[in-house]
Every structure is written in C-alpha cells, then in structure tokens.
Amino acid sequence: EAASKELDQYNRGLVVLDTAVTLGPLLGLLGTVTGMMKAFGIVGGSELADKQQVITGGIAESLIAVSFGLIVAIVAILPLNYFSAKLERVRRQIEASMNQLTILLRKLGR
C-alpha cells in the first residue's frame, strides 16, 4: 500500500506533461489547417496583389502555429522523459525491496 502511494506521488504530474507533449503538435497542426484554409479561401474574390498578401499572411499564420506547437512539445518532452525515468527507477527499487522482503519472510517461515 505504501509502495502504491509512493508511485502515485511520482506519477502525479506526468499526465500534464504527457498531455502537453501530445497536444502541442496537434495544436500546431490545427493552426496549419486554419491558416491554409484562410489563405486558400481568399483566392476567389479580389485583385491578385491583394490575394498574394492574404495568402502569405495565412501561410505565415500556419507556420507560426506549427512552430508554437513544436516548441510546446519539445519543452514538455524533456521533463516528461526525466520524470518517467525517475518513476521507473523508483518502481524497480520498490520491487527489488519487496522481493528481498519476500525472500526474508520465507527464510524465517521455515
């Protein structure tokens, strides 16, 4: 029971980091799609010079969104991997201690 509580304490913030790593690129992709929709949705109504400015603005918007999403994912993946590795080390230590305790109790029981 104590081991489970200890592991839960280590695992507490990993969900937030994992969500940030997963959500960052998806938000960037969403920005790409909306930027491209904006850029190509304009192509049907006014002069070519105006269209070029709008299209490049939409493409710039999509690239900014992708960059932001990738930055969020890159920044979040570093602590996620660190804390996941730390959690795994603690899990292995607890398991080794439980195995040693089991062996000791079996020896004493004989």
Side-chain angles (χ1 to χ4, degrees):
E1 189 174 326
S4 179
K5 286 181 183 179
E6 189 72 21
L7 291 175
D8 284 344
Q9 181 182 0
Y10 277 94
N11 199 27
R12 188 174 11 146
L14 293 181
V15 174
V16 174
L17 289 173
D18 188 36
T19 301
V21 167
T22 304
L23 197 57
L26 292 176
L27 289 173
L29 184 59
L30 177 63
T32 299
V33 170
T34 57
M36 290 298 180
M37 287 170 56
K38 179 180 174 183
F40 292 115
I42 302 295
V43 175
S46 61
E47 290 297 318
L48 185 60
D50 293 337
K51 288 180 189 178
Q52 286 176 343
Q53 201 170 33
V54 173
I55 290 172
T56 56
I59 293 171
E61 178 183 318
S62 69
L63 292 175
I64 289 169
V66 170
S67 298
F68 179 75
L70 290 174
I71 287 169
V72 168
I74 290 167
V75 167
I77 201 165
L78 296 172
L80 174 66
N81 286 342
Y82 172 77
F83 289 120
S84 293
K86 188 173 182 177
L87 173 66
E88 189 58 34
R89 274 194 310 274
V90 169
R91 181 179 287 133
R92 283 194 306 266
Q93 289 172 349
I94 289 172
E95 186 177 318
S97 297
M98 290 170 43
N99 288 338
Q100 290 174 355
L101 179 62
T102 302
I103 291 169
L104 180 63
L105 290 174
R106 282 186 183 167
K107 285 182 180 179
L108 292 175
R110 287 186 188 179

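Counting Ile, Leu, Val, Met, Phe, Trp and Tyr side chains that sit under 4.5 Å apart, directly or through other members, Leu23 shares a hydrophobic cluster with Leu27. Leu29 forms part of no hydrophobic cluster, judged by ILVMFWY side-chain heavy-atom separations under 4.5 Å. Through chains of ILVMFWY side-chain contacts below 4.5 Å, Phe68 is grouped with Val72.
Applying the side chain to side chain contact (heavy atoms under 4.5 Å, CB included) rule to Leu80 yields the partners Leu14, Leu17, Asp18, Val21, Ser84; only residues at least two apart in sequence or on another chain are considered. Scored by the side chain to side chain contact (heavy atoms under 4.5 Å, CB included) test, Asn81 finds Ile77 as partners (sequence neighbours excluded).
Separation of atoms CZ (Arg89) and CG (Leu87) is listed at 10.0 Å; rounding is to 0.5 Å.
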Solution key, residues 90-103 side-chain donor-acceptor pairs under 3.5 Å, sequence neighbours excluded:
| unit_1 | atom_1 | unit_2 | atom_2 | d |
| --- | --- | --- | --- | --- |
| Arg91 | NH1 | Glu88 | OE1 | 3.0 |
| Ser97 | OG | Gln93 | O | 3.0 |
| Asn99 | ND2 | Glu95 | O | 3.4 |
| Thr102 | OG1 | Met98 | O | 2.8 |

